[in-house]
Amino acid sequence: MEGRVPEDLAVVVDADGAIMVWSDGARRLLGYEPAELVGRPVTDLLAAGLPESTRRHAADGRRWAGEVALRHRDGDRVVVRLQGTPLLNARGGRLWLVTGTVPVYTPARAEHGTLPLWDLTLAQLPVPVAVYDRDARLVAANEIMIEVMGRSEEEMRGLTLWEIEPNPPFDTYDRLQREVLRTGEMIFHEEHGQAPGETRPHAWSMFLSPLKDEAGAVQGLSATVFDTTEQYWGRRRLAVLNEASLRIGSTLDVTRTAEELAEVAVAGGFADFVTVDLLESVALGDEPGPLPPDTPVSVRRTAQRSVLEGCPESVVASGETTRYPVGTLPLRTLGADRGARHRPGDPELREWLRASPGRAETVSKYMIHSVMMVPLRARGVTLGLVHFLRHRTPEWFSEDDLLLAEEIVARAAVSVDNARRYTRERRTALALQRSLLPERPPELAAMDVAYRYLPTGAGADIGGDWFDVIPLSGARVALVVGDVVGHGIQASATMGRLRTAVRTLADVDLAPDELLTQLDDLVIRLDREEGPEARGAQEASGQVGATCLYAVYDPVSRRCTMARAGHPAPALVTPGGEVRFLDLPAGPPLGLGGLPFEAAEVRLEENSLLALYTDGLIEAPDHDIEVGIGLLHRALSGPAGTLDETCDRVLRTVLAGRPEDDIVLMLARTAMLGAGKVRTWQLPPEPTAVARARKMAGEQLAEWGLTEAEFATELIVSELVTNALRYGGAPIELRLIRDSTLICEVSDGSNTAPHLRRARVFDEGGRGLLLVAQLAERWGSRQTATGKTIWAEQPLPAGM
């Protein structure tokens, strides 16, 4: 060290040990120019290893001090007393401020044993730095800090922050300084605010670090300040974008998505008033076309949000329609590629305001000083226009704000377009489904029927639930409830095919278990024909499936035969009010194949109530199916009323909100056809039975007052009984039913099904069923447990 003048150094090192700042004092002390060292590891300067205590403190991120041997540029060893102070950069990363002096041991310095509190080289650091003593009084500050404080160093030296500026936030800074001096721990503090005469708030990050001697005693503190304004505003913009990503598009509802856009922009402090105008077609869920040139455009105010409660009276209310006239600023912006910023003094905006006195009054009343208009566009299609206004926020919209607004609107536009597309598809599926379902219950003598169909809530696709009421021969009625797996148009189309198939199979009078077997085969064929590719990616399971319940009620015998394919069991309410769920064989869902279906028969009292439903009624995410069944039981146990009243009571009791799956509820109250409307005869298997049958049928029609139908009925009876005698076998039974039509039935013990054929000129037979088909409105046959029944229906004479 002989002949070398003691110099001070100051170095800033990043977390990886690379040199970031090399002070002029360090250059003079070690001979290196900044360009030679900045970016290089600080370990390149070491002439010997670091002391163990220094390495340990540095590894723990704690302040350290000690003598270190450094290498001069000319190769000499320079022993320097160093101290390292941990700092944080604007992004929270660690920095080290390393300061030091050549140790010159004079009696005076040895007596005090302390290090200088202020290094002249710190004046060259590009950040504001100040040093305070043990009483929190200013010792020194570099030039940048003096400029920030706004006073000369001579005026401030020896004063505390509170004495320098006895106003907020200096009282907070003074309190934090004294806490550092008391605890010996570094404190990081962030502050943001608006300086006088500026329109944009600034932000600062402050590091208050204790200065300790070799014994660890706190001798003062250093304050390092970083201007983090850009980072602050960047974080705010990122927070708004993050909030937009989380909140916008939470539902597939066009209006709600627009409302979320307005809420995010206002709640995040980005704008004070926001409106979202959508094209009429978009608001309705239709496909928007190209904007017509030189034509006014109608838009609907879909959403608006203000930092103030309510909205100005002159502003278009949400849900109302307004027009953008030709040549106006909104219409031009609507068709532009980018949004635009405006102030009230801009000629274009002034022209737009003059066109509406109410709008101009609102701008003046609330002192709106900055406006942005951004087109809402997704997938190359214009959907609407978003207005951002500021009146409470003092700064104008900047170019960065416009970029942020365009980013928010672009994200929202995709969600709006998704919601629009979903709305259109949902509306199409719902229209398709409703067109495939019965419009109103048929008028039946066998029973009264009422039903309710509820599609899923707004955030889900339409399902494939269906129901039907099918009049059968012999005044019988078939009740059907089914549920197709999946949602959307494909599920609705599959539902329509299954409903048509059930009606077709019902027309041939198949028993419930046989009908489900045929329906199961149809579902398997559909699955093979379509496959997952035809159904689309949303049906990734690759199977068409469905559940179904099919019931046939005979009002003459009061017997109800039912079979189900994986469907919930129906509920029965007796005339006395007892409620029970029928124990039917479950059966596999349709589409599995290879498993049998079983039918069960129940004898019902007159005025019994059957409740058929789909699983959406009793299943919900917030409770088990047993809870839903219990609620349905309680609803059906209520006082008897009309079927419509009972339907409404069931839905009120069981459902807590909008259903998350389609719901079908069908109630049927049974009736009975008594002896006054039904007459049955057992016939002997001999030729004389034909004449006897004609005679008994004629007498019964006379008793019913239907003599006008006597001739045709006798011919039908004669042909059907003759057919039973010739091709069938005992027992032979004739039955007449007076319902909405006149029904003639002849049953025999043969399973051979009749078929219609045209007789040739010299044929003796083959004309009987042809004659029956010409006399009757409808005719057919059905299998029974003992054989078959051939039936024919005639319309009743007018007024009967």
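Of all heavy-atom pairs spanning V180 and L221, the tightest one is CG1-CB, 4.3 Å. The two residues T257 and A412 have their closest heavy-atom pair at CG2-O, 4.3 Å. The two residues V307 and V266 make their nearest non-hydrogen contact at CG1-CG1, 3.6 Å. Closest approach of E36 and G31 over heavy atoms only: OE1-O, 4.4 Å. Here the closest heavy-atom approach between residue W96 and residue R62 is recorded as CH2-O, 3.2 Å.
Checked against E348 for a salt bridge (Lys or Arg N to Asp or Glu O under 4.0 Å), the options R343, R332, R341 give a single hit: R332.
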Apply the test salt bridge (Lys or Arg N to Asp or Glu O under 4.0 Å) to residues R301 and D277: give CA-CA distance (whole Å), side-chain angles for both, the deciding distance (0.1 Å), then the verdict. CA-CA 5 Å; R301 178 63 49 85; D277 293 343; 2.3 Å; yes
Please report the C-alpha distance between F388 and F273 in whole Å, then the side-chain angles of each, then the deciding distance to 0.1 Å, and finally whether the ring-ring contact (aromatic ring centres under 6.0 Å, His included) criterion is met. CA-CA 6 Å; F388 300 90; F273 184 56; over 10 Å; no
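Of the possible polar contacts, none joining the S364 side chain to the A360 backbone as a donor-acceptor pair under 3.5 Å is found. Under a 3.5 Å cut-off, the side chain of R137 and the backbone N or O of Y132 do not form any donor-acceptor pair. A donor-acceptor pair is defined here as one N or O able to donate and one able to accept, closer than 3.5 Å; such a pair exists between the side chain of E163 and the backbone of T160. At least one donor-acceptor pair closer than 3.5 Å links the side chain of D272 to the backbone N or O of H391.
Note: Y32 and W22 have perpendicular aromatic rings, judged against thresholds of 30 and 60 degrees for the angle between ring planes.
V299 has its side chain out of reach of L278: every pair of non-hydrogen atoms, C-beta onward, lies at least 4.5 Å apart.
Within a 6.0 Å sphere centred on CD of E147, heavy atoms belonging to other residues, nucleotides or ligands number 12 at most.
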Could you tabulate the donor-acceptor pairs under 3.5 Å formed by side-chain atoms of residues 370-378, not counting sequence neighbours?
| residue | atom | partner | partner atom | Å |
| --- | --- | --- | --- | --- |
| S370 | OG | F397 | N | 2.9 |
| R377 | NE | T382 | OG1 | 3.3 |
| R377 | NH1 | A336 | O | 3.3 |
| R377 | NH2 | L334 | O | 3.4 |
| R377 | NH2 | A336 | O | 2.6 |

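E155 and S152 form a side-chain donor-acceptor contact under 3.5 Å, judged by distance and modelled atom types alone.
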